[in-house]
2 protein chains.
Amino acid sequence: MPTISDVASLAGLSRATVSRVINNHPYVTKEKKELVMDAMKQLGYFPNTSAQNLRKQKTDTIAVLVPRLTNPFFTHLVESLEDRAAEYGLQILICNTKYDKKRELEFLYLLKTKQVDGIIMTSIENNWGQIEEITMNGPIVLCNEYITGANVSSVRLNQLEGGYIGTHHLIQKGHTKIGYCWGGVLSGLSYDRFEGYRKALAGQGLSINENWLFEGVFSIDDGRRVLNEISEMYDRPTALFTGSDEVAAGIISEAKKKGLHVPGDIAVIGFDDQPIAEVIEPALTTIRQPISEIGKKTMEVMIELLSKKNQSDEHQIYELPLQLIARESS
Amino acid sequence: MPTISDVASLAGLSRATVSRVINNHPYVTKEKKELVMDAMKQLGYFPNTSAQNLRKQKTDTIAVLVPRLTNPFFTHLVESLEDRAAEYGLQILICNTKYDKKRELEFLYLLKTKQVDGIIMTSIENNWGQIEEITMNGPIVLCNEYITGANVSSVRLNQLEGGYIGTHHLIQKGHTKIGYCWGGVLSGLSYDRFEGYRKALAGQGLSINENWLFEGVFSIDDGRRVLNEISEMYDRPTALFTGSDEVAAGIISEAKKKGLHVPGDIAVIGFDDQPIAEVIEPALTTIRQPISEIGKKTMEVMIELLSKKNQSDEHQIYELPLQLIARESS
DNA sequence: GTGAAAGCGCTAACAT
DNA sequence: ATGTTAGCGCTTTCAC
């Protein structure tokens, strides 16, 4: 592989001049520039990125942590982040944490090993205490997920409102026995969404039945599991608020398999408004998250942070709107 | 940020010794090793990856090119590749080409700029002529997708058989008017699968109706589009072979919307056996691809290639089995 | 406008 | 078993 020196000698110029051409610096005459370009083409030269990164002390790469790559919500979010990053000449490194504390921590260390200039977290597994120390090494921005005590900027949705409008919708449909499913730990996003659920119930003088609370529910299969648990209950909920469209789809599919009618026997409400929501039957009532906008805003916040040298402690919270999409499952 | 020199002076040793500890080299006494470890911990030291990569002339990173990250087939494949890579201490760089020639080429250049040690392609947009030159810079392995003329190893499925068994199944169900949908260009994978379709038809003395061939069909929405086109035809197919479960799901969903019965009015067969196949109603007849195995095998081939210094020209083709999963949509 | 020279942080001969 | 030294490929002062 040719190096910058090879290009320099073929062009009859110094390495400095070649470097100026590579980086589009001014003050290089047209003739020399062409000389360099010709030499580069002739040799099939490409600059060594590791050398550039080492010298420049930056990589123009942002790590994006996602909890589960097979969840379409996150791949759509990643695509949005990626589009925006490309506009600013940044690369994205997709990091699949699999909801694992240790994997997350290892990815966060990418900032310490200088493999990335910043990190966007769309999920949080560790306590903020663990993570905070890493903010010394570069900007971290929270995207969608958040956590109490985090002293970094975040772009998020009003999850309390999301939990509220979903639950309130079910109540308006006449339900009083409403179950609730969520994924990981009840903190940040999940906590607020649950608070919205609780608030909506309380507003109508309803209280929470602990038997109808299901945690660790992430996937289609988890949804099936939940429905099976319910169908064995003596006192069953008549409606379910779920944390994702996939879970809702699993519940609906299993309900039909068992001969239950949706929404007659059990109403279901999803979250995200993924493509699957319109394909399943009955079509899914769900809460639409503005994925594209949240990705775009997050990357803009990151760019802004990258541009200022002094890592000031001030951080902002940007909140985007949610929307209930009423279909047939409720 | 502390460097290796800082660690060395704090430990009262040379940089070389610190480096030996970092890389788990033998011939370092326990006492010195502990001295170094303590110093590293005390300083919060992490080695600079760019410097290591530059010096070692490798990155222990493999680029994985996928055409569409939002297609669950590819995220599942990526997860499988990732699992295997982790076992060998390799990182994965996920590259979303979006079916774009230029983006693909830019990702292939990662090999020239030394950002990755090898590339796994799960889709191919450019002609092999464009790509071949890049194989000089490191190993390229084809995964699932393939293309005629490629002189690199590949792990794939017998797509001709896939096309054949799917079509034959429809014929056995009594269909003679069978349409066909596919995504990108008809080369490699798509070509063979189409050949299987053609062969199955020919075996029964049936010929292809050009009006029932749909190209550029990738997503749920594309599937809806296909069904709408069909419903306006005078002479309609009674069955459709599709290139993915998503497309099939779109067709089924739209058919039901239009009051058509599946499989009565139109039978549909998918490809992949994604989770959506069991959630949609009627459940989807589809061709299961052994995603996990194909990912695993591909990474093993890559590891093997990475370990041998001389890039020999010999290349192998590994073929894995496909399986028809008959459900209710056919 | 261009070149000389220093150095980013690390590893691997080689020497001891 | 440890240290010295050279250099991976590049960018950026500082000269001129």
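We name chains A, B, ... by the order of the sequence lines, and we start the count at 1 in each one.
Between S19(B) and dC10(C) there is no side-chain polar atom (N or O) within less than 4.0 angstrom of OP1 or OP2. Of the side-chain N and O atoms in K114(A), none sit less than 4.0 angstrom from OP1 or OP2 of dG9(C). Look at S50(B) and you won't find any side-chain N or O under 4.0 angstrom from OP1 or OP2 of dG9(C). Between T3(B) and dG9(C), a side-chain N or O to OP1/OP2 separation shorter than 4.0 Å is absent. Of the side-chain N and O atoms in H25(A), one or more sit less than 4.0 angstrom from OP1 or OP2 of dT12(D). Taking side-chain N and O atoms only, Y45(A) has a distance below 4.0 Å to OP1 or OP2 of dC10(D). Under 4.0 angstrom from either OP1 or OP2 of dC10(D) there lies no side-chain N or O belonging to K56(A). Taking only side-chain nitrogens and oxygens, Q57(A) never comes nearer than 4.0 Å to OP1 or OP2 of dG7(C). OP1 or OP2 of dG1(C) has not a single side-chain nitrogen or oxygen of T29(A) nearer than 4.0 Å.
You'll find that the side chain of Q52(B) is closest to dC10(C), out of dG3(C), dC14(C), dC10(C). For A16(A), whose side chain is taken as the heavy atoms from C-beta onward, the closest listed nucleotide among dC10(D), dC10(C), dA4(C) is dA4(C).
Each of T49(A) and V28(B) has a nearest nucleotide on DNA chain D; the 5'-most of these lies closest to V28(B).
If you measure from atom CD1 of I4(A) to atom P of dA5(C), you get 17 Å, rounded to the nearest angstrom. At whole-Å resolution of the value, CE in M1(A) and C1' in dG9(D) are 13 Å apart. Between L13(A) atom CG and dG3(C) atom C1' the separation is 10 Å, expressed in whole Å. Here dG1(C) presents its P atom at 14 Å from NZ of K33(A), a figure rounded to the nearest Å. We find that CD of Q115(A) is positioned 13 Å from P of dC10(C), with the value rounded to whole Å. Here the C1' atom of nucleotide dC8(C) and the CG atom of L54(A) are 4 Å apart, to the nearest Å. Distance, K58(A) NZ to dC8(C) C1': 15 Å, rounded to whole Å. K112(A) has its NZ atom 15 Å from the P atom of dG9(C), to the nearest Å.
Looking at heavy-atom distances under 4.0 Å, P47(A) makes contact with sugar-phosphate atoms alone, never a base. The residue N53(A) sits apart from the nucleic acid: no heavy atom pair falls under 4.0 Å.
In this structure, S50(B) and N53(A) approach most closely via the heavy-atom pair OG-CB, 3.3 Å. Across all non-hydrogen atoms, the minimal contact from I92(A) to L81(A) is CD1-C, 3.7 Å.
Looking at heavy atoms from C-beta onward, V152(A) lies out of side-chain contact with V141(A) at the 4.5 angstrom threshold. Looking only at side-chain heavy atoms (C-beta outward), L65(A) and L108(A) come within less than 4.5 Å of each other. Looking only at side-chain heavy atoms (C-beta outward), M121(A) and L142(A) come within less than 4.5 Å of each other.
Within 6.0 Å of CE in M1(B) there are more than 12 heavy atoms belonging to other residues, nucleotides or ligands.
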